[in-house]
Amino acid sequence: MGADLKSVIVVGLQWGDEGKGKIVDLLSVEADVVVRFQGGNNAGHTLVVNGEQTVLHLIPSGALHADTTCVIGGGVVVDPGALVAELEALHARGHLDDPTRLRIAQECHLILPYHKAIDQARERRRGKGKIGTTGRGIGPAYEDKAARIGLRMVDLCDESIFRERLRNNVEEKNAYLEAMLGESVLDYDAMVDELVGHGRALAPYVCDTSRYLYDELRAGHKVLFEGAQGIMLDVDHGTYPFVTSSNTGAGAVTSGAGVPPTLLRSVVGITKAYTTRVGSGPFPTELSDDIGDRLRSEGGEFGATTGRPRRCGWFDAMVLRKAVRTSGVGALALTKLDVLSGLDPIRVCVGYRLDGRLIDDMPASAADLERCEPVYEDHEGWDADVSGSTSLEQMPAATRRYIARLEELAEVPVAIVSVGPARDQTVTVLPAFD
Ligand code: IMP
């Protein structure tokens, strides 16, 4: 079965914001189908095409290609209002005008107003210990999925079922909001009609996406799976509890898109040439000095979803190696390399020191990781602006040595180097679809 398969899974290898939107947009030229399989509108995938910026939160980054079908798999949690707004904005600009080019899984769980209220109220109560969530209701929606009280896209498409189940849930959530969180209650009547209206708008796109993808893959069509967030935010393998509420690694494709592992093939991991993180939690290579400020301003490191300034730091090969290992990454896409121009030396973390002991893997405990001190090796920097480079040969020798060292640490090759936000600011070293 394997010989004719043409699937690529793209995942973020750090704490999100690695530049997945741009890379998926580029690979979409070749793809027949692009699929989101986890997360929700906590993601913000930025695409710059002909100088125009588009930020997608729920719709796959293949949306700007006229011949690509976009699929929102069942592992994604969908805020119906946010999806309708995103779709309308794309329609207004002439994208996704063919309704068969968007398919939404019947199984997607819905993010409802009480999920957002609970998410935000809990964060306020946590104060200094907050996770720093995006406030979009992601965690509470996944909680309800696991608790088997969630409402799904298939329910939203059946008005009478939806009205009844929503009423029951609002009653229960109001009791929780009021008694446990000290919040005011939500008005069922004020939310239900609007949600039913969103259901009507989305119903034409809702279908059995698992079966559709099975047929596409077996027909040898090119399917690209677009991860959101990054492996360090994975609820199992990330820096728990400072994580998101879904599995963000390549393995999540099977459950999140309803595709068997035997129909999957290569995994491309996206990593920035340095590290960033938004929200709270351990970040061993964080720089709280002027180099950190410089990375933030040169790299435009402000959240695409919340606008929050991102925390910035040196490249961390401990993060890289864990992410490559847990997701079976076969090739890297290295982004934002241009941002490092002018820094000398450029540091790379190659190990941690925990309570005086050298360790070569990431501890599972966030408290231990918080105490880890990075062990750095220094690399010669470069002054030249590499944002116009179209091949590795055009780059300074020090830049090439830096890339080669990251390949060595990852034990996988770099397939793509991104040197700026535009589509043409990209050096392709190896094909992603072979
Ligand atoms: P949540 O996913 O909104 O619950 O947020 C949990 C953590 O994941 C917070 O630290 C967020 O900042 C982070 N997070 C969620 N989505 C993204 C993303 O797309 N990029 C970067 N960080 C994210």
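Side chains are part of it too, since the values below use all heavy atoms of this structure and drop only hydrogens, waters and symmetry mates. Each ligand, and each atom within it, is numbered from 1 in the order the structure gives.
Salt-bridge check for D25 with K22: failed, with every basic side-chain N at 4.0 Å or more from each acidic carboxylate O.
For L233, every heavy-atom contact with ligand 1 shorter than 4.0 Å involves the side chain, none the backbone. Of all the heavy atoms of W15, the ones lying under 4.0 Å from any atom of ligand 1 belong exclusively to the backbone. At a heavy-atom cutoff of 4.0 Å, ligand 1 is contacted by the side chain of R308 but not by its backbone. Of the heavy atoms in V243, only backbone atoms (N, CA, C, O) come closer than 4.0 Å to ligand 1.
With hydrogens left out, the protein atom closest to atom 20 (N) of ligand 1 is D17 OD1, 3.1 Å, a heavy atom. Of the protein's non-hydrogen atoms, the one nearest atom 3 (O) of ligand 1 is T134 OG1, 2.6 Å. When only non-hydrogen protein atoms are considered, atom 2 (O) of ligand 1 lies nearest to T244 OG1, 2.6 Å. Atom 5 (O) of ligand 1 has its closest protein heavy atom at T133 CA, 3.3 Å. Of the protein's heavy atoms, Q229 CG, 3.5 Å lies nearest to atom 17 (C) of ligand 1.
Residues N247 and Q38 have side chains that never bring a donor and an acceptor to within less than 3.5 angstrom of each other. Q14 and T271 share a donor-acceptor pair across their side chains, judged by distance under 3.5 Å alone. With 3.5 Å as the limit, one finds a donor-acceptor pair spanning the side chains of H115 and D144. For R93 and T54, the side-chain atoms include at least one donor-acceptor pair closer than 3.5 Å. No side-chain N or O of Q229 forms a donor-acceptor pair with one of T248 less than 3.5 Å apart.
The aromatic rings of Y402 and F315 sit perpendicular, their planes meeting at an angle over 60°, well past the 30° parallel limit.
Proximity to G132 (heavy-atom distance under 4.0 Å) selects the following atoms of ligand 1: 9 (C), 10 (O), 11 (C), 12 (O). Residue V278 approaches ligand 1 through these ligand atoms, each under 4.0 Å from one of its heavy atoms: 10 (O), 12 (O), 21 (C), 22 (N).
Here the side chains of I231 and W15 are not in contact, with every heavy-atom distance at 4.5 Å or above.
Look at S245 and you'll find every heavy atom at least 4.0 Å from all atoms of ligand 1.
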